[in-house]
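Written out below as structure tokens is the structure these notes cover.
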Amino acid sequence: MPTELCFGEKTLAGFGGKISLLGENALIVTGKMSAIKSGAQEELLEILGKADIKHSIFNKISENPTIDMVMQGVDVFGENDCDFVIGVGGGSPIDAAKAISAIKANKLNKDDIYCSEKIKRSYPIVAIPTTSGTGSEVTPYSVVIFENRKAGFGSPFMFPKISFIDPRYTRSLDNRITRDTAIDALSHLLEGIYSVKRNKIIYPLIYKGVSLIYSSLIKTIDEPQNLVLRGNLMQASLYGGIVIAQTGTTLQHSIGYPLTVEFGTSHGLANGIVMKEIMELYCKDKIIANEIKNLFNYLKIKQDDFYNWLNKFNMKMENRLSDAFIKAKSQEILKSRNMQATPGSVSLDDIESILKRI
Ligand code: NAP
Ligand code: FE
């Protein structure tokens with residue numbers, strides 16, 4: 001995991017000068033409001049001013065970025081002669097910044113978006129997260145919608161060079177986004193155990209990360225300004241990102257993508273809605289069942305306690321899924337690249353039956 005991490009309160013003020021090693025003219029990629037609301041943009045501009053780094057701001061990235069938004073960013077990068085990108089915001093602007101950098105550096109067309117093997121270089125990427133969920137600040141992945149399909153792609157060249165992770169930037173999150181993003185991080189951590197690429201070396205991060213979310217999420221919703229709690233969630237999200245950078249994500253992730261595209265269900269919520277179903281499905285595999293038992297022993301809880309805790313967040317699908325949708329999307333999900341890391345022998349029937357139940 002080659003990203004240099006600067007973690008903690010006011011880390012940008014302390015270490016932001018490092019950005020000047022990466023380039024002279026930055027494209028700052030953000031959403032509409034989050035970079036401003038979180039306070040990150042103002043602090044970044046101050047650092048860039050001090051280091052005499054030119055910048056342009058591209059603030060047209062909305063939730064779940066599409067390829068067209070990304071290509072617009074590629075044009076702005078070129079028009080302004082930028083030589084590196086800074087993604088500021090949730091996973092959406094950070095993923096878009098990574099995609100802009102990779103597409104521009106490799107002269108790719110939009111149809112190449114999922115051809116990870118065509119990515120042989122990138123412009124330097126800086127990430128400043130304002131949510132604690134995706135871990136995109138430490139992964140080589142980007143998730144972009146192309147022709148109504150949401151999928152991830154990635155390359156070792158897409159790891160950010162430096163990430164500035166400051167829990168203060170997440171204090172402006174409302175309770176819904178706090179919940180959804182933390183549940184996304186929880187998915188990543190669990191998927192580190194589920195994935196066929198599981199690796200005991202990263203188990204300490206998984207165990208600690210799950211424990212931080214389990215003990216801090218409800219309290220954070222009650223005390224959104226508490227920086228210790230916000231720091232716990234940020235740390236867990238960072239661990240989740242480091243984990244999936246090694247193991248990839250599984251069906252737990254790709255089953256939610258069509259729900260996001262079709263119904264606008266947020267990424268984290270989509271993960272949460274299927275979390276119990278997926279755990280039950282994977283636990284049919286004896287190895288996974290044992291791994292999960294070990295995790296809950298560490299947490300000193302039973303699997304049912306975990307399910308009861310999940311139920312408290314009331315994560316339910318609000319739309320009815322039609323039979324035609326379930327049939328078409330189950331095929332798409334079965335072909336998703338996340339299936340490569342999915343354990344056991346998951347069938348089309350398994351996927352259809354989860355979609356029917358939710
Ligand atoms: P997001 O889509 O970046 O943002 C969700 C909402 O939160 C937006 O309305 C955003 O506002 C707002 N927001 C963000 N930070 C805020 C703050 N500090 N204060 C107030 N509002 C704030 O959310 P996300 O869950 O972090 O990212 C989800 C995306 O990441 C999905 O596309 C998902 O597939 C992807 N993802 C990527 C990876 C990876 O490894 N690369 C892993 C998991 C998920 P603005 O619109 O103003 O920005
Ligand atoms: Fe995710």
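For ligands, and for the atoms within them, numbers begin at 1 and follow the listed sequence. The structure displayed is predicted, hence computed values, not measured ones. Heavy-atom basis, side chains included; hydrogens, waters and symmetry copies ignored.
Residue contact annotation: A40 has no non-hydrogen atom under 4.0 Å from ligand 1.
The protein atom (non-hydrogen) at minimum distance from atom 13 (N) of ligand 1 is S34 CB, 3.5 Å. For atom 25 (O) of ligand 1, the nearest protein heavy atom (residue, atom name, distance) is T181 CG2, 3.4 Å. For atom 42 (C) of ligand 1, the nearest non-hydrogen atom of the protein is T134 O, 3.4 Å. I177 CD1, 3.9 Å is the protein heavy atom nearest to atom 12 (C) of ligand 1. In terms of protein heavy atoms, atom 44 (C) of ligand 1 is closest to H267 NE2, 3.2 Å. In terms of protein heavy-atom proximity, atom 24 (P) of ligand 1 is closest to G91 N, 3.5 Å. Closest to atom 15 (N) of ligand 1, if we only count protein heavy atoms, is T130 OG1, 2.8 Å. In terms of protein heavy-atom proximity, atom 18 (N) of ligand 1 is nearest to Y169 O, 2.9 Å.
By the neighbour-count criterion of 12 heavy atoms within 6.0 Å, atom CG of D52 is sparsely surrounded, having that number or fewer from other residues, nucleotides or ligands. For Q225, the CD atom counts as densely surrounded, since its 6.0 Å shell holds more than 12 non-hydrogen atoms of other residues, nucleotides or ligands. The 12-atom threshold is not exceeded at NZ of K161, counting heavy atoms of other residues, nucleotides or ligands nearer than 6.0 Å. Within 6.0 Å of CD1 in I287 there are 12 or fewer heavy atoms belonging to other residues, nucleotides or ligands. No more than 12 heavy-atom neighbours from other residues, nucleotides or ligands sit within 6.0 angstrom of CD on E147.
For K104 and F77, the positive end is not near the middle of the six-membered ring at less than 6.0 Å and at most 45° from its axis.
Considering CG of L190 and OG1 of T249, their distance stands at 12.5 Å, rounded to 0.5 Å. Taking CD1 of I113 as the reference point, atom NZ of K118 lies at 11.5 Å (rounded to 0.5 Å).
For ligand 1, the atoms lying closer than 4.0 Å to a non-hydrogen atom of G31 are 47 (O), 48 (O). Every atom of ligand 1 is numbered from 1 in the order shown, and the set under 4.0 Å from a heavy atom of S172 is 17 (C), 18 (N), 19 (N), 20 (C). Taking every non-hydrogen atom of T131 and a distance limit under 4.0 Å, the qualifying atoms of ligand 1 come out as 14 (C), 15 (N), 26 (O). Atom numbering of ligand 1 starts at 1 in the shown order; those under 4.0 Å from a heavy atom of G90 are 3 (O), 26 (O). Near N64, meaning under 4.0 Å from any of its heavy atoms, are these atoms of ligand 1: 31 (C), 32 (O). For ligand 1, the atoms lying closer than 4.0 Å to a non-hydrogen atom of S38 are 18 (N). In summary, the atoms of ligand 1 found under 4.0 Å from a heavy atom of H188, numbered by their order in the structure, are 42 (C), 43 (C). Every atom of ligand 1 with a heavy atom of T139 under 4.0 Å away is listed here by number and element: 39 (C), 40 (O), 41 (N).
For atom 1 (P) of ligand 1, the nearest non-hydrogen atom from the set S132, S92, S266 comes from S92. The heavy atom nearest to atom 33 (C) of ligand 1, considering only E137, K150, K98, is found in K150.
Expressed to the nearest 10°, the angle at the Fe ion (ligand 2) joining OD1 in D184 with NE2 in H253 is 100°.
A side-chain N or O of Y169 and one of E43 form a donor-acceptor pair less than 3.5 Å apart.
Between the S34 side chain and the T30 main chain, no donor and acceptor come within less than 3.5 Å of each other.
The aromatic ring centroids of F306 and F296 lie less than 6.0 Å from each other.
Classification of the H267-H188 ring pair by plane angle, with boundaries at 30° and 60°, yields tilted.
Here D184 has side-chain heavy atoms under 4.0 Å from ligand 1, and that is the only part of it that gets that close.
Tested against K98 for a side chain to side chain donor-acceptor pair (under 3.5 Å), the candidates S155, S142, S136 yield a single pass: S136.
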